[in-house]
Every structure is written in structure tokens, then in C-alpha cells.
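See below for the structure under consideration.
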Amino acid sequence: MWEGSCLCGEIRYTLAQSPASLMMCHCQKCRKASGTAFAVNGLVRRIDMTWQAGEALVTRFESSPGVFRVFCSRCGSPLYSERPTADPEHVRLRIGSLDTPIETRPQAHIFVGSMAEWDRIEDDLPQFNERPPA
């Protein structure tokens, strides 16, 4: 069981499975949502995520057509993004919201074609200008 929460601690969740397919996303929307160079996201089956507290504080924002960013309405912590029409079974968890350590490591950098001009990638992970093919 993996546990996570928002910054203020009012929202708490558990995961029945560890997040998979960790990617470092450098797109402008992830940068804006996280306030930094990239967001580390992992694929989670929606049925594996259970709210333990604070579900009423969960807020959704449609950042582009069909893509919703989900965050705490009290402290603003990003929790996950979702594409309910395109992929109703999964969410893309913001790994920084996890409280339980995970052994999974990021597999690639995505949307490097739009990364911040001041950012540098200094590892040997694969890089994709956009989202890689499934």
C-alpha cells in the first residue's frame, strides 16, 4: 500500500499498486502547474486510488480540452491529471504527492521540444519531443 497527501495534509489517499511508467514531463502546462522545470508523473489505475480524507477539497481544472488537472483547493498541491474521455481507467499521479517511498524510477523525458530554455537534461534517459507512442 502506498500513501500520499497534499501539502496541507487535508487530502490523503492510498494506492493499491505502485505508479508505473514514470515520465518527466517538460511541457509548459506541467511547468506552470508545478512551478518548476518539469513534473514527474506516473500512471495509476483509477480503481487503485482510494481517498482516505479530504475528497471534498479535490478540485479539477480543465487545462486543455479533455485534460483535467486535479489539485487541493486549500493548498494548491497538484495531485494528478486525467483524461476521462480518452483514458477513463487511469490517472497520471504527481509523484511528488507520495509520502511512501517507491523504487520505480523515471523512464524518460517527454515534451522536451517545449522545455524551458533555462532547463538542462543531464542524464541518459530517452528523450521525446512530445508524448511517446503507447
Task: Listed once per pair and sorted, the ring-ring contact (aromatic ring centres under 6.0 Å, His included) pairs that draw on residues 74-104, sequence neighbours left out - done: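 Listed by first then second residue: nothing to list.
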
Open item on the list: By the ring-ring contact (aromatic ring centres under 6.0 Å, His included) test, which pairs, at least two apart or in different chains, include something from residues 26-71?
Closed with: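 Matches after skipping sequence neighbours: H26-F38, H26-H109.
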
Test: salt bridge (charged side-chain N to carboxylate O under 4.0 Å, His left out). Region: [range]. Which pairs qualify, not counting sequence neighbours?
range            : answer
residues 11-23   : none
residues 24-44   : none
residues 111-122 : R120-E122

- [ ] Would you tell me whether S114 and Q28 have side-chain atoms, one donor and one acceptor, within less than 3.5 Å of each other?
- [x]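 Absent: no donor and acceptor within the cut-off.
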
Could I get the full list of side chain to side chain contact (heavy atoms under 4.5 Å, CB included) partners for [X], not counting sequence neighbours?
X    : result
P106 : L22, M24, V40, L125
M23  : Q107, A108, I110
E10  : C8, L57, R74
T85  : none

List the atom pairs, with distances to 0.1 Å, where a side-chain N or O of residues 43-50 and a protein N or O form a donor-acceptor pair under 3.5 Å, not counting sequence neighbours.
from : atom 1 : to  : atom 2 : distance (Å)
R45  : NE     : D48 : OD2    : 2.9
R45  : NH2    : D48 : OD1    : 3.1
R45  : NH2    : D48 : OD2    : 3.3
R46  : NE     : P88 : O      : 3.0
R46  : NH1    : E82 : OE1    : 2.8
R46  : NH2    : E82 : OE1    : 3.0

Task: For D87, all residues meeting salt bridge (Lys or Arg N to Asp or Glu O under 4.0 Å), sequence neighbours excluded - done: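 D87: salt bridge (Lys or Arg N to Asp or Glu O under 4.0 Å) contacts with R92.
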
Open item on the list: If you compare all heavy atoms of I121 against all heavy atoms of V112, which two are closest, and at what distance to 0.1 Å?
Closed with: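 In this case the closest contact between I121 and V112 is CD1-CG1, 3.5 Å.
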
Task: Whichever hydrophobic residues join M1 through chains of side-chain contacts under 4.5 Å - done: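 The other cluster members (ILVMFWY side chains, heavy atoms under 4.5 Å, direct or chained): none.
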
